[in-house]
Each structure stands twice: as C-alpha cells, then as structure tokens.
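See structure below.
So you know, we letter chains A, B, ... as the sequences are listed, proteins then strands, and number each from 1. The shown structure was predicted, so the numbers you read here are calculated from the model rather than taken from an experiment.
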Amino acid sequence: MLDLNFVRDNLPLVEEKLRQRGMDPAEVLGNFSAIDQERRRDITTLETAKRRRNELSPKIGVLKQAEKRGTLSGDQQKELENLAKAVAAEKSTIEQFELRVREDDEKLLQVLKTIPNLPNESVPIGTSAEQNVEVRRWGAPPKFDFAPKPHWELGEQLGVLDLERAAKISGARFAVYWDLGAKLERALANFMLDLHTKEQGYTEVLPPYMVNSESMYGTGQLPKFASDLFRVPHGERDLWLIPTAEVPVTNLYRDEIIDGARLPISLTAYTPCFRSEAGSYGKDVRGIIRQHQFQKVELVKFSRPEESYEQLEKLTRDAENVLQKLGLHYRVVTLCTGDMGFSSAKTYDIEVWLPGQQLFREISSCSNFEAFQARRANIRFRPEGKSKTEFVHTLNGSALAVGRTWVALVENHQQPDGSVHIPEALQPYMGADRITPKKF
RNA sequence: GGAGAGGUGCGUGAGCGGUUGAAACGAUCCGCCUCGAAAGCGGACAUACCUUAACGGGUAUCGGGGGUUCGAAUCCCUCCCUCUCCGCCA
C-alpha cells in the first residue's frame, strides 16, 4: 500500500507510474480526490462536534455532583438542562458523522489498496515480458550428441517421478517422487539451506504453513488474489495455505518496531508452497513446472531504506550462487514495468536453461518491495539515536524453487545412457554420483 | 475439550467511572559534570489522522470489535491471544 499523503501530494507521478505499468490511471484511482476531500470534510465536522461535547461534559459532571448533594440552585438546574440538550445535539451529529467517516475511510482504503507499488526509476518501461531486459548470463547450454529429453520422460524412465499415481491420490498438478527422486529434492533443499546459512549469513526459520487473513493482507496476497490461494475452513476465522514462505516470514515482524542496529535482517526458510492458480489451467500441463504444491527455499530481508537496492543485488547474487554451484546455465532479467508483480518496486527473474524444452525458465524471482509491504504490515524500525520510527524495506527471492531446480538438474545433467549425473557439490547430500533407471 | 488468571507506551509495571495520553522504574536521546568515560544531576521522549503559511490547536488510540454513560484504560457483551491446572494426543 502506498502512503495516503504521498498519493495526495504526488498524484501526477502516481498516474504516470500507473501508465508505465500499462494501467489506466482513471480506472485505478477512480474518484480518489473527491473521496479524499469528502472524507476530510466529514472528519473535521465530526471532530468539531466531539470537541464541543468534550468541553461540555465536565461541566455537567460538576453540576450533577452538586445535584447529588442537593446543593443545586434553580439557575444551576436550568443550566444543567440546557447543557444536556446541547450535548444531545452534538451527540446526534457525532453518530451521524461517525457513520459517514467510516464509509469514507472504507472507500478511500479500497482505492488505496488497489494501487500497485511504483516502479523504481531503474526499471525498464514496457508492456509485457517481451520488454524485460537481460542483465547477465552465466555458463553455457550443455552440448548433447543426442536429443535431450524433457524431465517428465526422464523422471518416468528413471523411476523417480510418478505423476499417474499422484493424480490418483490427489489430482492433476501433483507429483510423487520415489527413491532417489525424493532424495534429490531433500538433498537440494539441504544444500541450499546450508549455503545460505553457512556462507551467506542467513538465519534459518521454519514457519507455519497455514496463516490467518491478516498475514495474507500484510504481504498483499489478499484481498486481490484470493482465487490463487487454498483456503482452509476453521471455525470463525479461516486459515490459508501459504503460497510462498514470504508470507509467514515477512509477517514475523508485523506490528513490531525493530531495533535499527539489527538491520539488515536476513532470513531463509524451506517450506512447501500451495497455489490454486485458478486462472492458469492449460499452461505448462506437462511435467512438474506448475504444481498445486511445490517446495521452495526462500530468502527474506528486512533492510534500511537507503541500502535496500544494494541488498537486492546481494540477494539476487546469493540465489544465482546456487545455480553456479550446480553447474546450471542461467540468465538474469530485469522485469519491465508491465511484467512486475503488484507489490514490487523492482524485480529480477533468474531463468534457468532447460535443454529438454530448449528454453529459459523462471526459477527465482527477487524483489524489492520498498516500504509497500511494510506500510501495510506495519513493520517499522527505530534508527539508532533517533526517536522517530520509519518503515523498513522488505525484500525476498526464491533461492531456489526446489521443484524447478530438480527439473533443471535432471534435464541438464542427463547422460546418453539415460542416467543423470549428480554435480559434485550435491554428491555429499545425495550419497550418490548418479541416478540410474529403476522400476517403482 | 473442561476450570481459572490475565492482555496497559520501546521494556517492566501502576491505575479499576471524571483534573490519566496514562504513575514509577528501566531503555533511548540532549545538556551539566569529566582529559575522556562510568556514576550522579537536570531535561526530552508514543502513534495516526484532521486543521494551520507557520507557531500551534483538535480528535482518536490502554489486545480487536460492539454496548452502557453527559463522560470509559476503568462497567457490560463478544472475538482473538497468553499463562496455570485437568483431560486427550504426535
């Protein structure tokens, strides 16, 4: 969420940034200015009435007490009656305008909540993924003197990926991993967590996989994207399955004031992610690229505003490091204004090369949300030596989506005999140097 | 699931119908003292919103929401959370 005062004072800028995102400012902002002005008028009326009431109340108190003691004169009796009448009048104004202000607040908040974050100046302007800008490439595509297979064929032949039985027990877009396939998932997760915690300075956390609605609002999944989520009925207050560890981990500090000396805070978490993706049926139906449940190692940072872009670069490099150690060819692209997520001010996607499909595929998305999430989730910090609090900047990125890393590893390291070579860095975690075909 | 206790500012913790935005202590910040520091002394110290050119003024906030009252941190209802005991359970 953007700051109300900022939007009011910088309307032309906000409109321009909305256009850059390919949105119609008039449609998003609606009658923002009219609502804002009406709200402020109503607040002033309401508060004036309250002020009068507060001035009159103590006078009534004094007279009432005199009445109790029976020392009330005739004049005072009259005054008391007049005061009571005056307060009653203010009270009806208060009741009326409390209602109106509440409605105004709701209307205004509704507009404010639908305004996406403003893209940073360094973000390329564009309307779709076509205009994303490649910033660097690492490695080279592996050379094969045979036709490399896609992971769903390899997985089946190796006996490590079972989509048929997954469909039987759960449905489409779920997977069962067997034997070394299951172990590969676990090995990748452990490898990534060890890298982040031992070499890159992150602290590991294990959060709940279900969260309440407030948390989903805090990071921006609600109210706009409810249809992408799995909802769990639970008494009066339903819970939600997390679509990413970003949700519980960023909300760790919701409604808190962080000691400035502790920043930046760098956390990593390995969790399953649940996505309903109601709108995406028909896309990526083959294999395990798009699933209702997948596992991901996430990086989350809480940063001072002035160093958040530096932290974004670091975070992105930390994610890239995983691919480098696994010997997987990839490129990094800066998402253009039209392709960026709702809450992000700048996003780098890391795309890994998939030889079985001859294309680059998103495996990580690293974003700086600036104060957008922090304002909504009320995450502040106190700079050293100052009493005034400020909103932190929040960042996160996958490092990496484990399921897609599994895919990339299997496709890139496949051998002519149908086996898959395990990169050296991963061998200690696998206890094997290759996966060979086996029936399940 | 049953019984009880409680949720107050950055923290500990008083207040239990009117002068309490909230005592006291601690933390933090600014002065004084000091070669410097500690200790000591003095002072400052919530947030959001409305209003104002500004100084300032106002409103709200004592877990969330609702109610009683001229007036609520204080009384009532409800929800959430924490703690203690019992039961159940991985």
Taking only the [atom1] atom of each, what is the distance from [N] to [M] in whole angstrom?
| N | M | atom1 | value |
| --- | --- | --- | --- |
| B:A53 | B:G64 | C1' | 40 Å |
| B:G1 | B:C10 | C1' | 39 Å |
| B:U74 | B:G65 | P | 13 Å |
| B:C62 | B:G7 | C1' | 10 Å |
| B:G17 | B:C75 | P | 8 Å |
| B:C16 | B:G66 | P | 26 Å |
| B:A60 | B:A73 | P | 9 Å |
| B:G40 | B:C25 | P | 12 Å |

Min side-chain heavy-atom separation A:Asn378-A:Arg254 under 4.5 Å: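 No, their side chains stay 4.5 Å or more apart.
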
Member of A:Gln200, A:Lys198, A:Glu199 meeting the side-chain hydrogen bond (donor to acceptor under 3.5 Å, both in side chains) criterion with A:His196: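 By the side-chain hydrogen bond (donor to acceptor under 3.5 Å, both in side chains) criterion, A:His196 pairs with just one of A:Gln200, A:Lys198, A:Glu199: A:Gln200.
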
What integer distance in Å separates [X]:[atom1] from [N]:[atom2]?
| X | N | atom1 | atom2 | answer |
| --- | --- | --- | --- | --- |
| A:Ile60 | B:G18 | CD1 | C1' | 12 Å |
| A:Glu90 | B:C70 | CD | P | 15 Å |
| A:Arg53 | B:C70 | CZ | C1' | 9 Å |
| A:Leu99 | B:G66 | CG | C1' | 14 Å |
| A:Lys59 | B:U19 | NZ | C1' | 15 Å |
| A:Ile258 | B:U28 | CD1 | C1' | 18 Å |
| A:Leu108 | B:A48 | CG | C1' | 14 Å |
| A:Glu214 | B:G63 | CD | P | 17 Å |

Which residue lies more 5' along RNA chain B, comparing A:Leu56 with A:Arg39 via nearest heavy atoms: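 Counting from the 5' end, the first nearest nucleotide belongs to A:Arg39.
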
Among [options], the nucleotide that comes nearest once only the side chain of [X] is considered:
| X | options | value |
| --- | --- | --- |
| A:Arg40 | B:C49, B:C50, B:G71 | B:C50 |
| A:Ile257 | B:C70, B:A60, B:C10 | B:C10 |
| A:Lys50 | B:C70, B:C49, B:A60 | B:A60 |
| A:Arg51 | B:G71, B:G57, B:C50 | B:G57 |

Pairing string, 5' to 3', for RNA chain B - Watson-Crick or wobble contacts under 3.5 Å, brackets [ ] where pairs cross, | to another strand: ((((((((.[[[..)..(.....]]].(((((.......))))).((((((....)))))).[[[[[..)....]]]]])))))))....

Under 3.5 Å donor-acceptor, A:Asn10 side chain and A:Leu13 backbone: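 No, the answer is negative, given that no donor and acceptor are paired below the 3.5 Å cut-off.
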
Regarding [X], tell me which of base, sugar-phosphate or nothing describes its non-hydrogen contacts under 4.0 Å with the strands shown.
| X | value |
| --- | --- |
| A:Arg102 | sugar-phosphate |
| A:Arg262 | nothing |
| A:Arg52 | nothing |
| A:Asn5 | sugar-phosphate |

Carboxylate-amine/guanidinium proximity below 4.0 Å for A:Glu55 and A:Arg51: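 Counted as a salt bridge, because a side-chain N and a carboxylate O are separated by less than 4.0 Å.
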
Presence of salt bridge, A:Glu307 and A:Lys301, under 4.0 angstrom: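 Result for this pair is no, no salt bridge flagged.
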
Below the 4.0 Å mark, does [N] have OP1 or OP2 next to a side-chain nitrogen or oxygen of [X]?
| X | N | result |
| --- | --- | --- |
| A:Asn212 | B:C81 | no |
| A:Asn54 | B:G58 | no |
| A:Lys91 | B:U69 | no |

Interatomic spacing from OG1 in A:Thr347 to CG in A:Asn132 - rounded to 0.5 Å: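 Output value for this atom pair is 10.0 Å.
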
Pairs meeting criterion salt bridge (Lys or Arg N to Asp or Glu O under 4.0 Å) with involvement of residues 260-276 of chain A, two or more places apart: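 Salt bridge (Lys or Arg N to Asp or Glu O under 4.0 Å) check on residues 260-276 of chain A returns no pairs.
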
Modelled atom types, side-chain donor and acceptor of A:Arg8 and A:Asn5, under 3.5 Å: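 Per modelled atom types, A:Arg8 and A:Asn5 side chains form a pair under 3.5 Å.
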
Set of residues satisfying salt bridge (Lys or Arg N to Asp or Glu O under 4.0 Å) with respect to A:Asp339, sequence neighbours excluded: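 Testing A:Asp339 for salt bridge (Lys or Arg N to Asp or Glu O under 4.0 Å), a comparison that skips the adjacent residues, returns none.
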
